[in-house]
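The chain is numbered in sequence order, starting from 1. Hydrogens, waters and symmetry mates are skipped; everything else that's a heavy atom, side chains included, is used.
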Amino acid sequence: MGKIRVDIIGAGFLFAALMLLVNGVPGAKESASLAMAQGILWGAVLVGVCAAALQLRRKNSPLLIEGRECACVGLGAVFVAAAAIVAWTGLVPPFAPGVLAGASFSLMGTIWLKECARYAMDDVLLSSSVGLVVAGIAQFVAMSLLSPRWYFLAVLVLAGVAVASFCVARTHASFSSEETQDDEPDAVSPLRQRLSFALKILWLPVSGAILSVFIFGLTWDPVVSGEIAHSSLPFHEARLFIGPCIAAAVTAAIVVYRSSSAVFLMQGVVLPCAVAAILVLPALGVESAWIQALFQIVQAAGFSAIALATWASLVAAVRSARMTALAAWCFSLFALATIFGMEIIHVIGLAGKDLCLLLLTVYMALIAVWYALETEREKNARVMDDLRPGAYISRRCDELEESLGISQREKEVLYYLARGYNHGYIARKLFISENTVRTHVRHIYAKLNVNSREGLLDFIDGVDEREGVEGLPAAAER
């Protein structure tokens, strides 16, 4: 079971601040939101270009902000405050505060990704789930109690809370060797190799997220898209926290009851279901306000699940590929997809519903191909045909973790080793390199006092013969 990290939860307050900033922009709702989205795009691109330039300039120091995290978060908070004040005055077009918001969100998102890369993935998923729920509650309270004119005051408060939670938690943080050095061998790999590795991790969740935000932009104008206006739906604001609560519950269940990589399950199971729900619901054409309100809750849960899966994948990519510019470029792609959806809806009108079904068909075809390739890789990755039951192996790994000091990542590697898979398959499942897998295997062999896979399997079976945990020390001495 993972731990709740306060500094990761702080990202939820930042997300709530950004959403309130977008919703509170004065002027015609559609044009103001489009201008804000365009500004966010250019702000994110600006940060992405700067981060990429610094990364290329200092190849041997990929984490460029080491030791300056709180200062960078503070700078991002200044951008947020400036965006809120400029938008509140209404003296400049929404594009200007959008640039500030995009730069701030990209910069602070980069810091939080780097921070999350220090933690075990279970901690990241649980804490991020809580952060999303916190963001939903904050938006619900602000939108229920305040008029849009006063959203900007809430933006300042939420940004301040985000910075404070990060800096306080950062000051008192203590990281175990597992958390800080778990995937260090990848840090010295060539930049091109690390970029390729990051793309392998991110293509599935990022493509799903791009489709989802495109649909979000496509249905933004309820008149053109044929939707019921969101503000007229029952429980419109309640969806802001009900959806994240559903996604958080699913994520917690995966973390607690999984038998393999939590990130892999989020990508392979939760993400496709969430994207399918978001793509299919606008095409159903339901006129009942109550049913559409239910759809809105399901969509909110889907967006939250996609956000969690994409965030966890970004953390895995930053942790393994050590590329801090990934966050800004992904945010840029999401903003671009949203803008494209908001623009194209005026061209295709009600045909947007058919486009949703077409995109759903293409996406599910991609998922089917991905599953087929993964199944073929799994067959080819078996070192032996006689695979032990997964539940049995998972139970033995839990006992070894408690009795012999096996770390969380080593336990995940041990699970697949005991199932009979090779290093390449384990690397794909856990989103790490084969060099990192070999390092973990050496550590596992040393802790179990074995020198081969056969010895490892004999050790695990020997544990069972010696009546569980009490027999572990004796088994380790063989």
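The CG atom of Leu158 sits 11.0 Å away from atom CG of Leu21, with the distance rounded to the nearest 0.5 Å. Atom CZ of Phe295 sits about 8.5 Å away from atom CD of Gln299, to the nearest 0.5 Å. Atom CG in Leu199 sits 4.5 Å away from atom CG in Leu195 (nearest 0.5 Å). In this structure, NZ on Lys411 lies 14.0 Å from NE2 on His440, to the nearest 0.5 angstrom. A distance of 11.5 Å separates CG in Asp122 from OG1 in Thr251, rounded to the nearest 0.5 Å. Rounded to the nearest 0.5 angstrom, Arg428 CZ and Leu373 CG are separated by 10.0 Å.
Nearest heavy-atom pair across Val133 and Pro244 is CG2-O, 3.7 Å. When all heavy atoms of Arg239 and Ala300 are compared, the pair lying nearest together is O-CB, 3.5 Å. Between Ser212 and Ile306 the shortest heavy-atom distance is OG-CD1, 2.9 Å. The minimum heavy-atom distance between Ala209 and Thr310, with the atom names listed, is CB-OG1, 3.7 Å. For the pair Leu146 and Tyr151, the tightest heavy-atom approach, listed with the atom from each and the gap, is O-CE1, 3.5 Å. Closest approach of Gln267 to Ser313, counting heavy atoms only: NE2-OG, 2.6 Å.
Contact annotation: the side chain of Ile246 approaches that of Ile297 to within less than 4.5 Å [non-hydrogen atoms, C-beta and beyond]. Taking 4.5 Å as the limit, every side-chain heavy atom of Arg5 sits out of range of all side-chain heavy atoms of Glu115. The closest side-chain heavy-atom distance from Leu14 to Phe166 is not below 4.5 Å. Proximity of Ile215 to Cys356: side-chain heavy atoms (C-beta onward) are separated by under 4.5 Å at one or more points. When side chains are defined from C-beta on, Met143 counts as touching Leu20, because their heavy atoms get closer than 4.5 Å. In this structure, the side chains of Glu343 and Leu34 come closer than 4.5 Å at one or more pairs of heavy atoms. Contact of the Ile4 side chain with the Leu126 side chain is registered, since non-hydrogen atoms from C-beta on lie closer than 4.5 Å. Counting heavy atoms from C-beta outward, Ile85 and Phe152 have side chains that stay 4.5 Å or more apart.
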Leu204 and Ile367: CA distance, side-chain angles, deciding distance, side-chain contact (heavy atoms from CB on, under 4.5 Å) verdict: CA-CA 8 Å; Leu204 183 62; Ile367 293 295; 3.4 Å; yes
Go through the steps to decide whether Ile348 and Leu355 satisfy the test side-chain contact (heavy atoms from CB on, under 4.5 Å), and finish with yes or no. CA-CA 9 Å; Ile348 62 177; Leu355 180 59; 3.8 Å; yes
Might you work through the side-chain contact (heavy atoms from CB on, under 4.5 Å) test for Trp311 and Trp112, ending with a clear yes or no? CA-CA 10 Å; Trp311 181 256; Trp112 257 287; 4.0 Å; yes
List the steps and the verdict of side-chain contact (heavy atoms from CB on, under 4.5 Å) for Phe331 and Val47. CA-CA 10 Å; Phe331 297 154; Val47 173; over 6 Å; no
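By the 30° and 60° cut-offs, the orientation of the rings of Trp88 relative to Trp150 is tilted. Using a 30° and 60° split on the angle between ring planes, Phe241 and Phe140 fall in the perpendicular class, above 60°.
With Ser165 contributing its side chain and Ala162 its backbone, the two residues share a donor-acceptor pair below 3.5 Å. Looking at Ser127, its side chain never comes within 3.5 Å of a backbone N or O of Val124 through a donor-acceptor pair.
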Would you tabulate the side-chain donor-acceptor contacts of residues 91-109 under 3.5 Å, counting partners in other chains and residues two or more places apart, or write 'none'?
from, atom 1, to, atom 2, distance (Å)
Ser104, OG, Gly76, O, 2.8
Ser106, OG, Gly102, O, 2.9

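The number of heavy-atom neighbours closer than 6.0 Å to CZ of Phe303, taken from other residues, nucleotides and ligands shown, is above 12.
Tested against Phe216, the residues Ile278, Thr338, Leu211 include a single side chain to side chain contact (heavy atoms under 4.5 Å, CB included) partner, Thr338.
Checked against a 6.0 Å centroid threshold, the rings of Phe264 and Trp370 count as neighbours.
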